[in-house]
Amino acid sequence: MSTISRKPLPYDSPATYQIVVQGQIDQTWSDCLEGMHRQVTAEADAPVTTLEGKLRDQAALAGVLNTLYERHLTVISVKRMETSEIAEFDPRKTDKG
């Protein structure tokens, strides 16, 4: 289990985020989602899409979250990624559908 960093983190600097939503997001939404990479996995009840990418600041993060909200997608989790976690996401597994 990861621990939460206690050092101050700037809200107006670039960071890599991972957002997990219920449902399948089409690749054509890339521009609306700040170019985040997506990976769709099949779950028991419904597909789940994992978005990951570097966003310029938390205002960009808010924009992505607003886009998901406007499209009525349920957000499961939002995580600011640590450097050691970024390599674990494999965009080559991205669903091309």
Side-chain angles (χ1 to χ4, degrees):
M1 181 155 189
S2 64
T3 59
I4 297 174
S5 174
R6 299 290 180 209
K7 68 177 185 174
L9 299 171
Y11 68 92
D12 58 351
S13 295
T16 300
Y17 292 93
Q18 181 184 73
I19 304 169
V20 180
V21 298
Q22 186 176 357
Q24 184 168 346
I25 296 177
D26 190 81
Q27 183 64 34
T28 59
W29 291 18
S30 182
D31 289 343
C32 298
L33 300 172
E34 300 284 330
M36 296 183 86
H37 298 285
R38 70 176 175 63
Q39 183 174 329
V40 179
T41 55
E43 296 292 326
D45 297 337
V48 171
T49 301
T50 301
L51 301 169
E52 187 170 302
K54 190 171 188 174
L55 299 175
R56 69 183 175 275
D57 54 24
Q58 285 192 6
L61 173 63
V64 170
L65 293 173
N66 282 334
T67 297
L68 297 172
Y69 174 78
E70 290 167 355
R71 299 188 190 257
H72 303 270
L73 292 167
T74 300
V75 175
I76 297 169
S77 67
V78 178
K79 181 178 181 181
R80 181 183 173 119
M81 304 296 287
E82 298 295 326
T83 306
S84 60
E85 297 172 305
I86 294 170
E88 294 175 15
F89 185 83
D90 186 356
R92 293 172 293 171
K93 294 181 183 176
T94 301
D95 178 46
K96 300 293 182 192

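Considering CG of Leu51 and CD1 of Ile25, their distance stands at 4.5 Å, rounded to 0.5 Å. With rounding to the nearest 0.5 angstrom, the CD atom of Gln18 is 5.5 Å from the CD atom of Glu52.
For Asp12, the CG atom sits in a packed shell: over 12 heavy atoms of surrounding residues, nucleotides or ligands are nearer than 6.0 Å.
If you chain together ILVMFWY residues whose side-chain heavy atoms come under 4.5 Å of each other, Val20 ends up grouped with Val48, Ile76.
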Would you tabulate the side-chain donor-acceptor contacts of residues 56-70 under 3.5 Å, counting partners in other chains and residues two or more places apart, or write 'none'?
from, atom 1, to, atom 2, distance (Å)
Arg56, NH1, Glu34, OE1, 3.0
Asp57, OD1, Ala59, N, 3.1
Asp57, OD1, Ala60, N, 2.9
Asn66, ND2, Ala62, O, 3.3
Thr67, OG1, Gly63, O, 3.0

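Contact detail for Ala46 and Gln22: the closest heavy-atom pair is CB-NE2, 4.1 Å. Residue Gly23 comes nearest to Thr49 through the heavy atom pair O-OG1, 2.6 Å, listed as atom of the first residue, atom of the second, then distance. Residues Met36 and Tyr17 approach most closely at CE-O, 3.5 Å, considering heavy atoms.
When side chains are defined from C-beta on, Trp29 counts as touching Arg71, because their heavy atoms get closer than 4.5 Å.
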